[in-house]
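Quick caveat: nothing in here was measured; it's all calculated off a predicted structure.
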Amino acid sequence: MSLSRKPYPSDVSDEEWGFVAPYLTLMREDAPPRDHDLREVFNGLRWMVRGGSPWRLLPHDFPPWAAVYQQTQRWLAAGCFEAIVHDLRALLRLAANRAPDPSAVILDSRTVQSTPESGARAGYDGYKRRKGSKVHAAVDTLGHLLALHVTPANEQDRAQVAELAEQVQSVTEGQVELAFVDQGYTGEQPAAAAQAKGIRLDVVKRPEARKGFVRLPRRWVVERFFAWTARFRRLARDYERLPETLAGLHFVAFACLMLTRTVNLWA
């Protein structure tokens, strides 16, 4: 595709667009012609998530910000990016000689600083000494995103096990049997919540004699996942009015990462 503008580093490549276009079309056969090129709308979304810009500051050589925002909300509501991530995960696992669906996952969370847009639903994380939202995530042992849930930062990690376990089993057709977690998930309640979904919790404890950063077995994979998402400046803080939008933009970001990895793998 030849652009009438100078390309941005965040623009989708021809190979990447060839993969995602069927997921993003969302049109009936009797729908009228589009006012804006769908690929350029997707490029605008990628630029915004990568660069951290407010919607209204989207550069003028993209479609109008309102069109990009409205189409993004339609994509998020339809679960388009969850579907992309699910299928890319299966491809990348097969390329690594793994089964398409994992049998083990890692659960963890990170606290994202609130902003005036998200402050009304924020909570205070006493451990991190930060007001904001908690992003609770489940990844497979290769670091691929499976499930994600957003709460106020004062919510306990152990209270989100049931929600994450249900999402994980839904996207893997009940294949997951084991979840590695940190000591914030100890107790009978989270273990029972996971067991109700057919998952056993394995608490990976930090060595008591070690101080500072320690790379813990299994659990370092989810920390790497959060580091990957930190490359997308829109996710560095919680700029969204709705928690569903924050969760959805994490899937947008990870879909972009996985697209690049998949294209490079088969290049």
(request) Considering only NZ, NE, NH1 and NH2 on the basic side and carboxylate oxygens on the acidic side, decide whether Asp157 and Lys134 come within less than 4.0 Å. (result) yes
(message) Do His136 and Thr151 pair up side chain to side chain, a donor and an acceptor below 3.5 Å, judged on atom types alone?
(response) yes
(request) Evaluate the side-chain proximity of Glu244 to Val150: yes if any heavy-atom separation is below 4.5 Å, no if none is. (result) no
(request) Might you point out which heavy atoms bring Leu235 and Val112 nearest each other, and give the distance in Å? (result) O-CG1, 4.0 Å
(request) Find out if a path of hydrophobic residues (ILVMFWY) with successive side-chain heavy-atom gaps under 4.5 Å connects Val49 to Val12. (result) yes
(request) List the steps and the verdict of side chain to side chain contact (heavy atoms under 4.5 Å, CB included) for Glu177 and Ile199. (result) CA-CA 4 Å; Glu177 302 173 354; Ile199 300 175; over 6 Å; no
(message) If we ignore hydrogens and angles and just use 3.5 Å, is the side chain of Asn264 paired with the main-chain N or O of Arg261 as donor and acceptor?
(response) no
(request) Using a strict cut-off of less than 4.0 Å between a Lys/Arg side-chain nitrogen and an Asp/Glu carboxylate oxygen, indicate whether Arg110 and Glu223 qualify as a salt bridge. (result) no
(message) To the closest 0.5 Å, what do you measure between CG (Asp202) and CG (Leu178)?
(response) 5.5 Å
(message) In this structure, would Ile106 and Leu145 fall into the same cluster of hydrophobic residues linked by side-chain contacts under 4.5 Å?
(response) yes
(message) So which atom in Thr111 and which in Arg130 form the shortest heavy-atom distance, rounded to 0.1 Å?
(response) O-NH1, 3.0 Å
(message) Side chains of Leu57 and Met48, heavy atoms from C-beta outward: is any pair under 4.5 Å?
(response) no
(message) Using every non-hydrogen atom in the two residues, find where Glu240 and Trp55 come nearest and quote the distance to one decimal.
(response) OE1-NE1, 4.4 Å
(request) Could you tell me whether a side-chain N or O of Arg50 sits under 3.5 Å from a main-chain N or O of Arg231, the two making a donor and an acceptor? (result) yes
(request) Say whether Tyr69 and Leu246 are linked into one hydrophobic cluster, either directly or through other cluster members, by side-chain heavy-atom distances under 4.5 angstrom. (result) yes
(message) Could you check whether Arg46 pairs with Glu16 (Lys NZ or Arg NE/NH1/NH2 to Asp/Glu carboxylate O, under 4.0 Å)?
(response) yes
(request) Give a yes or no answer on whether the side chain of Arg234 reaches the backbone of Gly51 with a donor-acceptor pair at less than 3.5 Å. (result) no
(message) For His144, is there any backbone N or O sitting under 3.5 Å from a side-chain donor or acceptor partner on Asp140?
(response) yes
(request) Please tell me if the side chains of Thr172 and Pro102 come closer than 4.5 Å, counting only heavy atoms from C-beta onward. (result) yes
(message) Does Arg74, at its CZ atom, have more than 12 non-hydrogen atoms belonging to other residues, nucleotides or ligands within less than 6.0 Å?
(response) yes
(message) Would you compute the distance between atom OH of Tyr23 and atom CZ of Phe81 and round it to the nearest 0.5 angstrom?
(response) 12.0 Å
(request) Please examine the side chains of Arg121 and Ser133, heavy atoms only from C-beta on, and report whether any two atoms are closer than 4.5 Å. (result) yes
(message) Quick test of your reading of the model: are Asp182 and Arg219 salt-bridged, counting only N-O distances below 4.0 Å?
(response) yes
(request) Establish, from distance only, whether the side-chain atoms of Asp238 and Ser114 form a donor-acceptor pair under 3.5 Å. (result) no
(message) Between Leu242 and Trp75, is there shared hydrophobic-cluster membership here, with clusters defined by ILVMFWY side-chain heavy atoms closer than 4.5 Å?
(response) no
(request) Report the relative orientation of the aromatic rings in Trp47 and Phe62; use parallel for angles under 30°, tilted for 30 to 60°, perpendicular for over 60°. (result) tilted
(request) Begin with the C-alpha distance, continue with both residues' side-chain angles, and end with the deciding distance and a verdict on side chain to side chain contact (heavy atoms under 4.5 Å, CB included) for Arg5 and Asn43. (result) CA-CA 12 Å; Arg5 59 172 175 81; Asn43 280 333; 3.5 Å; yes
(request) Check whether any side-chain heavy atom of Leu107 sits under 4.5 Å from a side-chain heavy atom of Val139, and report yes or no. (result) no
(request) Enter the distance from Phe225:CZ to Leu142:CG here, rounded to the nearest 0.5 Å. (result) 14.0 Å
(message) Let's go through Asp14 and Arg39 carefully: what are the C-alpha distance in whole Å and the side-chain angles of both, what is the deciding distance for salt bridge (charged side-chain N to carboxylate O under 4.0 Å, His left out) to 0.1 Å, and is it a yes or a no?
(response) CA-CA 10 Å; Asp14 291 341; Arg39 180 168 175 172; 2.8 Å; yes
(message) For residues Tyr185 and Leu146: do they belong to one hydrophobic cluster (side chain heavy atoms under 4.5 Å, members Ile, Leu, Val, Met, Phe, Trp, Tyr)?
(response) yes
(message) Could you tell me if His149 and Gln160 have a donor-acceptor pair between their side chains, going purely by distance under 3.5 Å?
(response) yes
(request) Taking the side chain as every heavy atom from C-beta outward, state whether Leu92 and Leu265 have any atom pair closer than 4.5 Å. (result) yes
(request) Output the distance between atom OH (Tyr239) and atom OG1 (Thr245), rounded to the nearest 0.5 Å. (result) 15.5 Å
(message) Treating Arg237 as the side-chain partner and Gln113 as the backbone partner, does any N or O pair qualify as donor plus acceptor under 3.5 Å?
(response) no
(message) Are the side chains of Leu257 and Leu259 in contact, using a 4.5 Å heavy-atom criterion?
(response) no
(message) Run Leu24 and Trp17 through side chain to side chain contact (heavy atoms under 4.5 Å, CB included) and show every step you take.
(response) CA-CA 10 Å; Leu24 303 180; Trp17 180 245; 3.9 Å; yes
(message) Can you confirm whether Pro59 sits close enough to Tyr8 that some side-chain heavy atom of one is under 4.5 Å from a side-chain heavy atom of the other?
(response) yes
(message) Does the plane of the ring in Phe254 sit parallel, tilted or perpendicular to the ring in Trp228? Use 30° and 60° as the thresholds.
(response) tilted
(request) Taking atom CZ of Phe226 as the centre, report whether more than 12 heavy atoms of other residues, nucleotides or ligands fall under 6.0 Å from it. (result) yes
(request) Using distance alone, with no hydrogens and no angle criterion, decide if Ser118 and Arg241 have a side-chain donor and acceptor under 3.5 Å apart. (result) no
(request) Can you establish whether the number of heavy atoms outside Arg224 located under 6.0 Å from its atom CZ is more than 12? (result) yes
(message) Show the nearest heavy-atom pair for residues Ala67 and His36, with the distance to one decimal.
(response) CB-CD2, 3.7 Å
(request) Indicate the atoms forming the closest heavy-atom contact of Val41 with Val68, along with that distance. (result) O-CG1, 3.8 Å
(request) Return the minimal non-hydrogen interatomic distance between Pro63 and Leu58, and the atom names on each side. (result) O-CD2, 3.8 Å
(message) Can you tell me how far apart CG (Asp125) and CD (Glu155) are? Round to the nearest 0.5 Å.
(response) 11.0 Å
(message) Could you go through Phe180 and Val221, starting from their C-alpha distance and side-chain angles, then the distance that decides it, and tell me whether this counts as side chain to side chain contact (heavy atoms under 4.5 Å, CB included)?
(response) CA-CA 10 Å; Phe180 298 100; Val221 176; over 6 Å; no
(message) Donor-acceptor check, side chain of Ser170 to backbone of Glu166, threshold 3.5 angstrom: yes or no?
(response) no
(message) How long is the straight-line distance from CG of Leu249 back to CZ of Phe232, given to the nearest 0.5 Å?
(response) 11.0 Å
